[in-house]
Amino acid sequence: MNKPGKKRILCHVSPGSDIAVLKEACSVLGYQIDLIDPKVNSIFTLDHSSDLIVFELPEVRDRSEIDKHRCKILQGEHIPYMYFTGSLEKGISQTVESESPYGFIERGASVTTVINQLKAAFKIFNLEKSENLLKMNCSSLLKAIKYPVLVIDRGGVCRELFNEEGYTTPLTKERMLGACITDFFEPVNSDSLDEIILNCFSTGDSKTTEVYTCINSDLYYYEVLFSGYQGESILMTIRDITAIKQASQELRLKSLMMDQISDCVTITDLEGRITYINQAETALFKKNKDELLGKKTDIYGDDKTKGATQKEIIEKTLKDGSWCGEVINFSETGEEHVMYCRTMTIKDEGGSPVALCGISTDITNRKLIEQRLLQSEEKYRLLFDCNADSLSILRIDANGMPSKFLEVNEAAAALIGYTRDELLAKSVAELEIDFNQIALNDRIEELQSKGKTNFETTVLSKDGGEKTLDVKVVVISYDGGPALMNISRDITERKRMEEELKLSVKRFEEISEHSRSFLWLVDPALTYTSVTSSVKRVLGYSPEEMVGKRLRDFHPEDQRGLFEAFCREKQDALDSTVDYENPIIAKNGTTVWVTTAAMPVHIETMDGIKTS
């Protein structure tokens with residue numbers, strides 16, 4: 001057995017004069033030599049704890065004998081070995097030298113030559129031990145890294161994978177080993193993975209980049225470091241940044257959202273120093289972020305006569321956890337802004353306050369509008385109450401029925417004999433004599449499409465009498481919600497006159513049925529609106545052929561201007577004419593002279609249009 005600390009060389013060679021040369025060379029190098037006769041002990045029964053084994057190689061003439069003998073040695077433990085052989089032919093010598101990584105000792109060599117050959121063998125072995133130790137250390141180091149590490153060759157093929165437990169992607173070790181990384185990973189930017197690998201091999205430079213892979217529609221992101229390793233291999237260290245990417249994207253979206261909302265957002269520390277503001281705030285106050293970050297909220301200003309002070313806001317927020325109210329802020333140009341502010345404390349995981357957050361809405365314009373509305377309220381009330389037309393406001397309830405009146409003016413109450421308070425207790429459904437749901441639905445449909453409607457209806461007054469009203473309804477905003485305003489005008493007398501006119505026309509038609517007279521009506525533009533059927537006996541036209549056409553269309557060209565001027569003069573003067581002679585062209589083209597007795601009839605509607 002090998003003694004502790006003693007260096008040994010085991011010589012498995014036949015006794016001879018060359019043994020003395022071996023002994024002397026070993027002694028010079030400080031090694032103990034153990035001689036074993038091959039004829040007594042087989043190589044497989046030797047103690048392999050020696051530092052070097054020199055075994056005898058029989059005279060050989062071809063490579064097959066060397067390979068056969070080498071296989072016997074390699075079945076044992078890995079110990080440096082040398083061949084001890086006689087003179088070899090040149091080709092065989094080269095073969096032995098290539099097959100023996102530690103060289104060989106030729107019989108008959110000098111002590112100096114043997115010493116050099118032994119030194120060369122130990123030098124090679126020590127280099128191997130250093131390389132093996134380096135590999136062991138590299139493996140240990142790679143295993144100590146918490147991220148997965150791939151060993152890849154020049155073609156990008158994965159040859160080894162360390163720290164598989166840190167490999168969070170669904171791509172397993174079995175799938176990765178022997179596969180090209182470009183089959184699984186795509187660069188996030190424009191970098192080419194093939195170019196990065198080739199550059200790492202050629203220059204030895206390290207390169208960090210981001211890649212991603214898609215598995216079952218899920219994206220996984222990684223930060224990878226390519227670095228040199230050994231010979232024909234480089235390392236690819238992988239760090240999973242999927243969660244970081246997702247958090248970064250979420251943070252980016254939140255930042256975009258904060259910058260795109262119209263409200264001003266401010267975050268401060270517990271002493272009121274500004275740590276974050278959104279774009280709405282910089283735009284409103286006309287200050288850039290650098291001017292505000294790190295400053296206290298006093299920089300916004302305040303006015304204790306119109307709202308809270310900055311000090312009060314911070315104190316109340318810290319005390320109660322939140323606060324809301326109005327505060328006056330000033331822009332860079334000194335412009336005053338009324339802000340409705342909501343503040344709250346931001347707490348950490350343990351529930352301790354770490355920051356303050358304020359969300360403010362600029363209500364300057366709203367306050368101005370409110371002020372103007374208050375100023376105009378009295379004017380509105382005066383106009384509403386003093387209007388000569390009947391005005392009333394109501395809503396349509398959830399069941400599609402008109403509510404009780406929300407507001408009425410004095411004219412509305414007087415129109416049907418009620419007081420304002422009495423009328424406010426009633427609804428349209430109670431007042432209209434022929435009220436029905438179908439008619440109401442038609443009105444609502446027209447209101448929804450046009451925003452207004454116009455109709456005539458008959459209502460029952462307080463004394464039991466009937467009043468015919470011309471009603472115009474418009475959609476308005478009232479007390480924060482949509483409502484309907486009725487503008488009503490009493491047309492009872494007008495309707496009576498219209499009925500009398502119709503009766504007169506009917507009587508005239510009966511009288512003119514057997515005469516050569518006819519009755520006609522025209523509007524202010526002197527366009528026929530009605531013609532009795534007896535016109536056919538006089539002129540040959542049917543009423544339908546004349547309605548819609550103007551007076552001048554049936555007069556000779558040289559008479560048109562004269563007759564139109566005469567009619568307009570009588571119309572404007574509300575004057576009548578009797579036995580006015582004028583020519584009319586009949587249907588057959590002949591000229592018929594007629595005497596005309598005419599009088600203006602003016603009927604004023606809700607829209608102010610006069611029908612003559």
Side-chain angles (χ1 to χ4, degrees), residues 244 246-380 477 479-481:
I244 297 174
Q246 291 172 344
S248 176
Q249 180 68 6
E250 183 178 348
L251 185 61
R252 178 176 174 272
L253 289 175
K254 288 181 178 179
S255 178
L256 287 173
M257 178 194 71
M258 296 284 275
D259 279 338
Q260 292 179 22
I261 62 175
S262 58
D263 284 347
C264 298
V265 180
T266 306
I267 298 177
T268 72
D269 61 17
L270 298 180
E271 295 180 353
R273 290 186 181 86
I274 301 169
T275 58
Y276 171 84
I277 53 172
N278 67 344
Q279 289 184 1
E281 189 150 340
T282 60
L284 180 65
F285 295 106
K286 299 177 176 62
K287 296 179 181 179
N288 59 48
K289 288 188 176 183
D290 293 338
E291 292 179 274
L292 296 172
L293 293 178
K295 304 292 193 306
K296 286 199 170 185
T297 54
D298 295 337
I299 195 172
Y300 295 125
D302 52 38
D303 185 341
K304 63 181 180 181
T305 64
K306 298 180 180 179
T309 64
Q310 299 294 343
K311 182 180 180 182
E312 288 173 346
I313 294 173
I314 293 174
E315 289 177 350
K316 290 180 179 179
T317 304
L318 289 172
K319 179 183 177 182
D320 303 328
S322 63
W323 176 86
C324 65
E326 293 182 7
V327 60
I328 304 299
N329 291 163
F330 296 92
S331 68
E332 181 71 14
T333 59
E335 185 179 0
E336 181 180 300
H337 292 274
V338 184
M339 310 296 292
Y340 180 74
C341 184
R342 291 86 69 200
T343 66
M344 68 202 78
T345 56
I346 300 175
K347 299 180 180 180
D348 61 15
E349 297 82 355
S352 299
V354 293
L356 305 178
C357 176
I359 302 174
S360 303
T361 306
D362 186 359
I363 60 171
T364 308
N365 289 336
R366 193 183 82 188
K367 297 292 284 187
L368 289 173
I369 292 171
E370 288 176 356
Q371 185 178 3
R372 290 169 184 168
L373 284 174
L374 288 173
Q375 292 172 350
S376 64
E377 178 65 27
E378 291 184 1
K379 295 179 182 178
Y380 161 77
S477 177
D479 198 20

Note to self: With a 6.0 Å cut-off on the ring centroids, do Phe330 and Tyr300 count as close?
What the structure shows: no
For the atom pair [atom1] ([X]) and [atom2] ([Y]), what is the distance rounded to the nearest 0.5 Å?
X	Y	atom1	atom2	answer
Thr268	Arg273	OG1	CZ	10.0 Å
Leu270	Thr317	CG	OG1	11.0 Å
Ile363	Cys341	CD1	SG	10.5 Å

#### Entry: From CA spacing to verdict: side-chain contact (heavy atoms from CB on, under 4.5 Å), Leu284, Met339
CA-CA 11 Å; Leu284 180 65; Met339 310 296 292; 3.7 Å; yes
Anything under 3.5 Å between a donor and an acceptor, one on a side chain of residues 319-329, the other on a protein residue two or more places apart or in another chain? List them.
residue, atom, partner, partner atom, Å
Glu326, OE2, Lys367, NZ, 3.4
Asn329, ND2, Gly301, O, 3.2

Q) Any sub-3.5 Å donor-acceptor pair from Glu315's side-chain atoms to Glu312's backbone N or O? A) no
Exercise. Taking side chain as C-beta onward, heavy atoms only, is Val338 less than 4.5 Å from Thr364?
Worked result: yes
- Message: Taking the side chain as everything from C-beta on, heavy atoms only, tell me whether Val265 gets closer than 4.5 Å to Tyr276.
- Response: yes
By ring pair (Phe, Tyr, Trp, His ring centres under 6.0 Å), Tyr340 pairs with (sequence neighbours left out) none
Would you find more than 12 non-hydrogen atoms of other residues, nucleotides or ligands less than 6.0 Å from Lys311 atom NZ? no
Are more than 12 heavy atoms from other residues, nucleotides or ligands located less than 6.0 Å from atom NZ of Lys289?
yes
Self-check item: Residues Glu336, Lys306: salt bridge by 4.0 Å N-O rule
Solution: yes
Only residue of Asp302, Ile274, Ile313 satisfying side-chain contact (heavy atoms from CB on, under 4.5 Å) with Thr297 is Ile274
Tightest non-hydrogen contact, residues Thr282 and Ile277, listed as CG2-CD1, 3.5 Å
Heavy atoms of Glu332 and Lys286 approach each other most closely as CB-O, 3.4 Å
Evaluate the side-chain contact (heavy atoms from CB on, under 4.5 Å) criterion for residues Ile299 and Lys287: first the C-alpha distance (whole Å), next the side-chain angles of each, then the deciding distance (0.1 Å), finally the verdict.
CA-CA 11 Å; Ile299 195 172; Lys287 296 179 181 179; 3.8 Å; yes
Point to revise | side-chain contact (heavy atoms from CB on, under 4.5 Å) between Ile267 and Ile346, intermediate numbers included | key: CA-CA 9 Å; Ile267 298 177; Ile346 300 175; 4.3 Å; yes
Scan the side chains in residues 348-361 for donor-acceptor partners under 3.5 Å anywhere in the protein, sequence neighbours excluded, and list what turns up.
residue, atom, partner, partner atom, Å
Asp348, OD1, Gly350, N, 3.0
Asp348, OD1, Gly351, N, 3.0
Asp348, OD1, Ser352, N, 2.8
Thr361, OG1, Asp263, OD1, 3.0
Thr361, OG1, Asp263, OD2, 3.4
Thr361, OG1, Arg342, NH1, 2.9

